[in-house]
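Each residue takes its place number in the sequence, starting with 1. When reading the values below, keep in mind they use all heavy atoms of this one structure, side chains included, and skip hydrogens, waters and symmetry mates.
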Amino acid sequence: GGGGEMLRKSDGQQGQMNAMAKQSMDMAERSAAPTAVAAASQPGSGVAQGGMMYGNKDGKNYEADKKESVSNMRQVANQAVYKRQSQTWIASNAASVDLEKDKDKIKTVQKFSDEYFEIVRLNSTDENQILATQQEGETLVIALRGQVYKFE
């Protein structure tokens, strides 16, 4: 794990102190976590909420989390899918479509309906990979075979 480098540089007594300090920090974090969670569910306790970085000891996981929440783009196969509004994703091949102005040209399809699976059967693997990125509660807009679809 990370953090070992610091301990290795200092030796003897100082190293021992560092190790103990780190250990007590870890324990404090562990025991503080449930309290912070409980406090976060109380209204008006913004402080506890702000400090909810518990359980992310592993830098890689933390980075992945950060990427997930910050990213407004998914790269799938040879296409980028961009996030618009809160839960609407638009494939780059439909990026020029105006959801308001062009709504009569856009075909809305319920996810997992018969029509949805009909479209899936006609799609290329790449197109289906893009459809597969659509999460629960998200809307996906993509152009397939000259038709713009909005999957909800």
Side-chain angles (χ1 to χ4, degrees), residues 1-8 21-152:
E5 296 77 2
M6 199 174 80
L7 299 183
R8 231 173 285 125
K22 185 180 183 315
Q23 200 173 11
S24 59
M25 281 283 289
D26 284 359
M27 282 175 69
E29 272 190 75
R30 262 200 295 277
S31 57
T35 330
V37 171
S41 60
Q42 301 297 316
S45 62
V47 183
Q49 243 153 343
M52 290 298 294
M53 270 325 302
Y54 296 108
N56 257 327
K57 287 269 185 295
D58 185 339
K60 277 198 289 291
N61 289 351
Y62 174 58
E63 283 305 312
D65 278 1
K66 214 163 61 177
K67 271 201 220 66
E68 199 51 49
S69 57
V70 172
S71 174
N72 287 333
M73 192 196 111
R74 293 172 180 159
Q75 182 68 42
V76 191
N78 58 354
Q79 265 219 75
V81 188
Y82 301 95
K83 191 172 192 174
R84 292 224 192 124
Q85 289 128 30
S86 58
Q87 294 297 317
T88 302
W89 290 82
I90 303 201
S92 53
N93 68 9
S96 58
V97 173
D98 184 312
L99 293 181
E100 285 307 306
K101 291 200 195 85
D102 301 325
K103 61 174 170 248
D104 51 338
K105 296 184 203 146
I106 300 170
K107 193 166 194 189
T108 301
V109 176
Q110 288 305 308
K111 197 173 177 191
F112 305 137
S113 64
D114 292 347
E115 190 177 6
Y116 178 88
F117 289 114
E118 196 58 49
I119 292 163
V120 166
R121 272 195 290 276
L122 297 168
N123 282 350
S124 69
T125 308
D126 286 0
E127 289 165 340
N128 283 333
Q129 279 182 327
I130 294 170
L131 297 197
T133 64
Q134 185 181 1
Q135 305 287 310
E136 189 64 46
E138 291 179 349
T139 301
L140 174 67
V141 178
I142 183 171
L144 301 166
R145 295 169 292 284
Q147 169 66 57
V148 177
Y149 291 97
K150 181 175 166 189
F151 296 106
E152 359 192 82

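- Between S92 and Q79, the shortest heavy-atom contact is OG-OE1, 2.7 Å.
- At least one side-chain heavy atom of L99 sits less than 4.5 Å from a side-chain heavy atom of I90.
- Applying the side chain to side chain donor-acceptor pair (under 3.5 Å) rule to T139 yields no partners; only residues at least two apart in sequence or on another chain are considered.
- Between atom NZ of residue K150 and atom OG1 of residue T88 there is a gap of 6.5 Å, rounded to the nearest 0.5 Å.
- The OG1 atom of T133 lies 7.0 Å from the CD1 atom of I130; values are rounded to the nearest 0.5 Å.
- In this model, no donor atom of one side chain and acceptor atom of the other lie less than 3.5 Å apart for R84 and N72.
- To the nearest 0.5 angstrom, Q129 atom CD is 9.0 Å from N78 atom CG.
- With sequence neighbours excluded, the residues forming a ring-ring contact (aromatic ring centres under 6.0 Å, His included) with Y116 are F112, F151, listed by chain and number.
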Exercise. Given the rule in the side chain to side chain contact (heavy atoms under 4.5 Å, CB included) test, do R145 and N123 qualify, once you have shown the distances and angles that lead to the verdict?
Worked result: CA-CA 9 Å; R145 295 169 292 284; N123 282 350; 3.0 Å; yes
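- Side-chain contact between N93 and I142: present, with at least one pair of heavy atoms (C-beta onward) separated by less than 4.5 Å.
- For the ring-ring contact (aromatic ring centres under 6.0 Å, His included) condition, no pair includes a residue of residues 123-147, sequence neighbours left out.
- Every residue meeting the side chain to side chain contact (heavy atoms under 4.5 Å, CB included) condition with Q135, not counting sequence neighbours, appears here in chain and number order: R74, E138.
- Nearest heavy-atom pair, A94 versus A143, reported as atom, atom and distance to 0.1 Å: CB-N, 3.8 Å.
- Listed by first and then second residue, the ring-ring contact (aromatic ring centres under 6.0 Å, His included) pairs that reach into residues 76-99 come to none, sequence neighbours excluded.
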Can I get a per-line list of side-chain donor-acceptor pairs under 3.5 Å for residues 102-111, giving both atom names and the distance, sequence neighbours left out?
| unit_1 | atom_1 | unit_2 | atom_2 | d |
| --- | --- | --- | --- | --- |
| D102 | OD1 | K105 | NZ | 3.4 |
| D102 | OD2 | D98 | N | 2.8 |
| K103 | NZ | E100 | OE1 | 3.2 |
| K107 | NZ | E115 | OE2 | 3.1 |
| K111 | NZ | Q134 | O | 2.9 |

